[in-house]
2 protein chains.
Amino acid sequence: MLLKINIPISEKLFLIDPTSSRLGKSILLSAIELIDEIGFEKFTFKKLGVIIDSPEASIYRYFKSKNQLLTYLISWYWGWMEYRLLFETANIESAEYRLQRAIALITTAGDEKIEMDGADISKLHTIVISESAKSFLTKDVDKANKEGAFYNYKQFVAMVASIIKEINPRYKYPNMLLSTIIEGAHLQVFFAEHLPMLTNKQASADYITEFYKDLAFKSIKNTI
Amino acid sequence: MLLKINIPISEKLFLIDPTSSRLGKSILLSAIELIDEIGFEKFTFKKLGVIIDSPEASIYRYFKSKNQLLTYLISWYWGWMEYRLLFETANIESAEYRLQRAIALITTAGDEKIEMDGADISKLHTIVISESAKSFLTKDVDKANKEGAFYNYKQFVAMVASIIKEINPRYKYPNMLLSTIIEGAHLQVFFAEHLPMLTNKQASADYITEFYKDLAFKSIKNTI
DNA sequence: TTAAATTCGATAGTATTACTATTATATTTG
DNA sequence: CAAATATAATAGTAATACTATCGAATTTAA
């Protein structure tokens with residue numbers, strides 16, 4: 001996960017680089033498992049310490065708070081998504097088709113059973129769906145932003161936005177459309193499971209993908 | 001606020017009805033002020049107690065947790081929005097025009113300086129933008145849902161969805177479109193202030209309204 | 001109208017959480 | 001191999017979220 005492809009993470013998102021030691025790596029891997037299992041609210045360094053058989057103070061040497069650890073994991077996720085996007089859109093001429101691939105990637109990233117160095121990507125995806133809003137909807141958002149917490153997310157949005165600009169250079173809202181699609185797609189997955197009246201679940205597995213593809217292309221094609 | 005128009009709140013969202021006593025009402029009013037000021041993470045019953053000059057245990061007699069209090073406030077907000085929607089769409093023949101009004105209501109609800117019995121609605125709107133995702137993105141969402149925590153929100157979505165069904169009875173995604181618009185519009189306000197690279201802020205004040213109106217009508221008109 | 005029942009708010013707690021200061025133990029380096 | 005450095009463990013603390021209990025005030029019912 002953290003070695004084979006090198007995903008850049010801001011140095012301000014950790015105290016000691018967790019990829020640089022055995023303990024650091026087991027913190028990351030077990031944190032994904034535990035947050036996925038019990039949710040970020042109930043997640044504590046003490047509980048994580050029991051699982052990896054280290055005292056909580058050792059974890060504090062790597063991350064100064066559980067919020068910083070969550071931010072690290074989400075930043076890693078978007079770095080990984082950027083990497084996936086490059087692969088998914090490589091060697092494809094048509095900007096339209098590249099955008100379709102990008103939206104499909106956003107809406108189905110959790111479906112695949114991918115493991116990188118023991119980290120379960122689909123569990124990380126679940127964490128991103130349920131917890132990522134909490135990482136930016138805080139009073140500390142400006143400070144976190146300065147520390148590069150959302151760099152990889154913004155980078156991903158910028159990359160897909162540039163595809164939209166290729167399709168329609170006059171379209172004024174590429175970033176707005178994308179953040180709407182990304183956050184919307186994540187919420188629909190959650191709603192389908194827990195609050196079905198807030199979505200319209202369909203028989204076909206890819207209805208979320210189809211909905212947001214349709215939304216994107218209709219919005220882009222005819223300029224407001 | 002809590003008397004003049006009677007907004008129905010599930011009985012499971014409080015221990016003692018806060019509208020039934022002086023203390024209860026001051027809990028609600030001061031909670032809006034304090035959560036808006038310091039954010040929900042740093043909000044505690046102890047701090048609220050200092051402001052209203054009552055011990056925290058007295059607040060616990062009304063709400064069993066600070067989460068329950070937040071859920072109450074958000075539920076009240078959506079009850080109020082339902083009331084506003086009825087007013088905004090009353091006596092208007094055209095379903096298209098009613099939908100336009102509904103979207104404008106969603107995207108501009110925080111702009112007006114309305115006070116109801118001392119409660120600042122625009123501060124409540126800010127709270128809904130920053131904190132409402134936290135009220136449902138938890139492991140307890142199913143329990144909260146059973147207790148009617150999201151009843152008013154779902155009701156609001158259902159009401160606007162029925163307008164969409166009037167415009168195009170064959171449209172398959174009215175609820176999905178609406179939750180996308182509502183949560184999206186809230187996020188864009190937040191992004192414009194804190195993470196501008198995730199949106200496309202424009203000179204005109206109503207660009208968010210225009211964007212989502214355009215998105216809605218394009219999506220509804222041509223069925224997928 | 002007065003005793004019983006109930007509501008209400010205050011006091012004084014507890015377990016847990018998030019985090020830190022300090023010390024002990026490896027590991028690396030010159 | 002000794003000094004410097006990195007790493008981890010111990011033992012804390014302040015604050016948080018919440019509870020059990022008690023006395024006073026209010027309401028209800030005979």
Side-chain angles (χ1 to χ4, degrees), chain A residues 2 11-31 34-35 37-73 131 134-135 138-140 143-144 147, chain B residues 2 11-31 34-35 37-73 131 134-135 138-140 143-144 147:
Chain A
L2 311 128
E11 298 221 339
K12 293 192 174 160
L13 296 188
F14 51 77
L15 301 175
I16 298 171
D17 183 353
T19 65
S20 71
S21 76
R22 181 174 290 261
L23 176 63
K25 277 176 237 171
S26 73
I27 288 171
L28 297 178
L29 300 185
S30 297
L34 187 57
I35 295 173
E37 193 186 330
I38 65 176
F40 185 65
E41 271 74 44
K42 288 176 184 163
F43 170 82
T44 70
F45 280 2
K46 184 134 205 167
K47 288 174 188 166
L48 179 59
V50 170
I51 288 170
I52 62 172
D53 199 30
S54 281
E56 59 175 336
S58 298
I59 304 168
Y60 275 103
R61 288 181 33 74
Y62 287 82
F63 296 101
K64 70 179 173 195
S65 68
K66 68 173 191 167
N67 258 288
Q68 195 187 41
L69 171 53
L70 177 64
T71 302
Y72 182 100
L73 291 175
E131 319 293 353
K134 297 169 195 167
S135 79
T138 68
K139 292 279 173 187
D140 301 323
K143 199 180 157 224
E147 292 175 348
Chain B
L2 311 130
E11 299 220 339
K12 295 194 173 158
L13 296 189
F14 52 77
L15 300 175
I16 297 171
D17 183 355
T19 66
S20 71
S21 76
R22 180 174 292 261
L23 177 63
K25 277 176 238 169
S26 73
I27 288 170
L28 296 178
L29 300 185
S30 297
L34 188 56
I35 295 172
E37 193 187 327
I38 65 176
F40 185 65
E41 270 74 45
K42 287 175 185 165
F43 170 83
T44 69
F45 281 0
K46 184 133 207 168
K47 288 174 188 166
L48 179 60
V50 171
I51 288 170
I52 63 173
D53 200 29
S54 281
E56 60 175 335
S58 298
I59 305 168
Y60 275 102
R61 289 182 34 74
Y62 287 82
F63 297 100
K64 71 179 172 195
S65 67
K66 69 173 191 167
N67 259 288
Q68 195 187 40
L69 171 53
L70 177 65
T71 302
Y72 182 100
L73 291 174
E131 320 292 353
K134 296 169 196 168
S135 79
T138 68
K139 291 281 173 185
D140 302 323
K143 199 181 157 223
E147 290 174 351

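These figures come from a predicted structure and were not determined experimentally. The basis for the numbers below is simple: all heavy atoms, side chains too, and nothing from hydrogens, waters or symmetry mates.
Among the protein residues, B:S65 comes within range of the sugar-phosphate backbone only, with heavy atoms under 4.0 Å from sugar or phosphate atoms but none that close to a base.
The side chain of A:L23 has D:dA8 as its nearest neighbour among C:dA18, C:dT11, D:dA8.
Across the protein-nucleic acid pair, B:R61 atom CZ and D:dC18 atom P stand 17 Å apart, rounded to whole Å. D:dC18 atom P lies 8 Å from atom NZ of B:K66, rounded to whole Å. Taking atom CZ of residue A:F43 and atom C1' of nucleotide C:dA18, one finds them 12 Å apart after rounding to whole Å. Atom OH in A:Y60 sits about 6 Å away from atom P in C:dA18, given to the nearest Å. Put simply, CG on B:L15 is 14 Å from C1' on D:dA17, counting in whole angstrom units. Separating the CZ atom of A:F14 from the P atom of D:dT7 is a distance of 13 Å, rounded to the nearest angstrom. Counting to the nearest Å, the P atom of C:dA26 and the CZ atom of A:R22 are 17 Å from each other. Rounded to whole angstrom, the span from the CG atom of A:N67 across to the C1' atom of C:dT17 amounts to 13 Å.
Heavy-atom distances to DNA chain C give each of B:A57 and B:I16 a nearest nucleotide, and the one nearer the 5′ end belongs to B:I16.
Listed pair A:Y62 / D:dA8 meets the phosphate criterion, a side-chain N or O lying under 4.0 Å from OP1 or OP2.
Side-chain atoms of B:F43 and B:L70, non-hydrogen and from C-beta on, never get closer than 4.5 Å to each other. A:I27 has its side chain out of reach of A:P18: every pair of non-hydrogen atoms, C-beta onward, lies at least 4.5 Å apart. Residues B:I16 and B:S21 have side chains not in contact (no heavy-atom distance under 4.5 Å, counting atoms from C-beta outward). In this structure, A:L23 and A:R61 have side chains that are not in contact, with every pair of non-hydrogen atoms separated by 4.5 Å or more. Side chains of A:S26 and A:L29 form no contact here, defined as non-hydrogen atoms less than 4.5 Å apart. Looking only at side-chain heavy atoms (C-beta outward), B:K134 and B:E41 come within less than 4.5 Å of each other.
The NZ atom of A:K12 sits 9.5 Å away from the NZ atom of A:K64 when rounded to the nearest 0.5 Å.
Within residues 44-56 of chain B, the residues that have a heavy atom under 4.0 Å from DNA chain C are, in order of number, B:S54, B:P55.
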